[in-house]
There are 2 protein chains.
Amino acid sequence: MKSPQVRSPRKPKGQGAERREEILDAALRLFSEGDVHTVSTRQIAEAAGISQPALYAYFATKDDLIAELCVRAFARLKARMDDGRARWTPTPEMFDRAMMTYIDFALSEPDAYRVAFMVEKSHDGSFLARTGGRPMAAGMEAFQGFVAMIADLHAAGLTHDDDPLRLTQTLWAGLHGLVSLLIARSEFPWIERETLIAGHIAMLRRGALKG
Amino acid sequence: MKSPQVRSPRKPKGQGAERREEILDAALRLFSEGDVHTVSTRQIAEAAGISQPALYAYFATKDDLIAELCVRAFARLKARMDDGRARWTPTPEMFDRAMMTYIDFALSEPDAYRVAFMVEKSHDGSFLARTGGRPMAAGMEAFQGFVAMIADLHAAGLTHDDDPLRLTQTLWAGLHGLVSLLIARSEFPWIERETLIAGHIAMLRRGALKG
DNA sequence: GGTGATAAGTTATCAGTGATAGATTATCGC
DNA sequence: GCGATAATCTATCACTGATAACTTATCACC
């Protein structure tokens, strides 16, 4: 697959933002076939139909490009969770639905989820420090809706844990553990996926809610 | 920190295995200060006191070196879990202890845990395919002890879930979610760590066990 | 105690990476 | 048409993982 790839036409004067989108799309598409480090800026540029240095007119570094994908993934997750919250009431059934919404998002957009949650950005000099707190801020915003939901359940007297923030962090971890392993270790001999997910949600519900 | 680093003395004839250990030690030490991709083979070689190409006498590729660290991390996890199983009885208290053992391992050896569980090795051409199933096999072995424990609890009639394998996978995911986020997203505004861990284990116990 | 075999290590080099400098070209308002 | 500038290119840099080809220390043996 070494298609020479047609150069896309030069953008008219004010259309830089459009090219930016094309680059991000191309990058996310490529990231689905290999991790962030094995995809090169040259591959991204070729897929976007431009030369490699042209990328740097739109993103200061490769990490910045990734950070932008990260922000957008968080935004989409937040949108989905907010969607669910529209017809939300603090009941066990809705709890299950909310958990399912998160899992659905991760498994239906595994590449976005990987970029947002599973790219190593831990240590000082690297990713997070240089990209400012932008992805982090976006992540926090997505998290807030989750916090509010659990607070509702707590206020309705449905939770075991008397600290709703602790419960939220604990549930988030529980969800992330399942989807991140399903995404990153798909070759593991998992039991049938839907059965596993149903069981997982049931366990989280029993662990979190009374009755 | 650009120490020229004294070259370590040449090993006598049969001592190649010893140098191999030195390389692995040096690599794991470096991986604690940056992710696997930002640490170069030249840095590893310098830390081990040899030239960069000399690495390739001991490991076919950098991925193979990482795979070896992965195998060893799984082995240490298995050792710790087996340790705990020595005085194991299927009770809720011991359940808590087992969960704690896993979390303790991950948080006391975060670098090993990261290499073992959090290095992207998803897609075809890359890591897993080329390193054979060795890390995977080591991982499965560590997992088996876990399976046996949950099966004990199930046999004792203590579990909610009627499928012990499903419960095992679900609990593992629950544990992994917490420790992987604590390790990779340490900058997140977590509540106090011990409180969080205690709450997490309590939630998992309620979700998994009756009463 | 010299001799060849070979393990252990070297230097030099390769193609590919992220990133930068500086020249070039298309599009715009006038 | 004209100057300004956004959009882009080619050429290049230092560094990466990896390989080839050469050197040197250590060994068993006569």
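To find a chain, count down the sequence lines: A is the first, B the second, and so on, and within it residues start at 1.
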### Query
Aromatic rings A:Trp172 and B:Trp190: how do their planes relate, parallel, tilted or perpendicular, breaks at 30° and 60°?
parallel

### Query
With a non-hydrogen cut-off below 4.0 angstrom, is A:Ala54 in contact with a base, only sugar-phosphate, or nothing?
sugar-phosphate

### Task
Send over the distance from B:Leu30 CG to D:dT16 C1', rounded to a whole Å.
15 Å

### Query
Parallel, tilted or perpendicular: which describes the rings of B:Phe117 and B:His176, with under 30° parallel and over 60° perpendicular?
tilted

### Task
Using a cut-off of strictly less than 4.0 Å, decide whether B:Arg19 has a side-chain nitrogen or oxygen near OP1 or OP2 of C:dG9.
yes

### Task
Please step through side-chain hydrogen bond (donor to acceptor under 3.5 Å, both in side chains) for the pair A:Arg193 and A:Ser186, ending with a clear verdict.
CA-CA 10 Å; A:Arg193 182 172 280 202; A:Ser186 57; over 6 Å; no

### Message
What is the distance, to the nearest angstrom, from the CZ atom on B:Arg42 to the P atom on C:dT17?
### Response
16 Å

### Message
Looking at D:dC9, I'd like to know if its phosphate oxygens (OP1 or OP2) sit under 4.0 Å from a side-chain N or O belonging to A:Ser51.
### Response
yes

### Query
Between D:dT8 atom C1' and A:Gln52 atom CD, what is the distance in whole Å?
13 Å

### Task
Choose from D:dC9, D:dG17, D:dA7 the nucleotide whose nearest atom is closest to any side-chain atom of A:Tyr58.
D:dA7

### Task
Could you tell me the separation between the NE2 atom of B:His37 and the P atom of D:dT16, rounded to a whole number of Å?
14 Å

### Task
Look at the side-chain N and O atoms of A:Thr41 and state whether any lies under 4.0 Å from the OP1 or OP2 oxygen of C:dT17.
no

### Query
Starting at CD of A:Glu46 and ending at P of C:dG18, how long is that distance when rounded to a whole Å?
13 Å

### Task
Give B:Ile50 one of three labels, base, sugar-phosphate or nothing, depending on what nucleic acid heavy atoms sit under 4.0 Å from its own.
sugar-phosphate

### Message
Does B:Ser40 reach a base, just sugar-phosphate, or nothing at all? Heavy atoms under 4.0 Å.
### Response
sugar-phosphate

### Query
When you measure from the side chain of A:Lys62, which nucleotide among D:dT8, C:dT10, C:dG18 comes out closest?
C:dG18

### Query
Taking CG from B:Leu55 and C1' from D:dT16, how many angstroms apart are they, rounded to a whole number?
13 Å

### Query
Any sub-3.5 Å donor-acceptor pair from B:Arg166's side-chain atoms to A:Ile197's backbone N or O?
no

### Task
Could you tell me whether the side chains of A:Asp35 and A:Thr38 share a donor-acceptor contact shorter than 3.5 Å?
yes

### Query
Just how far, in rounded Å, is C1' of D:dC13 from OH of A:Tyr56?
13 Å

### Query
Roughly, in whole Å, what's the span from CG in B:Leu65 to C1' in D:dT16?
15 Å

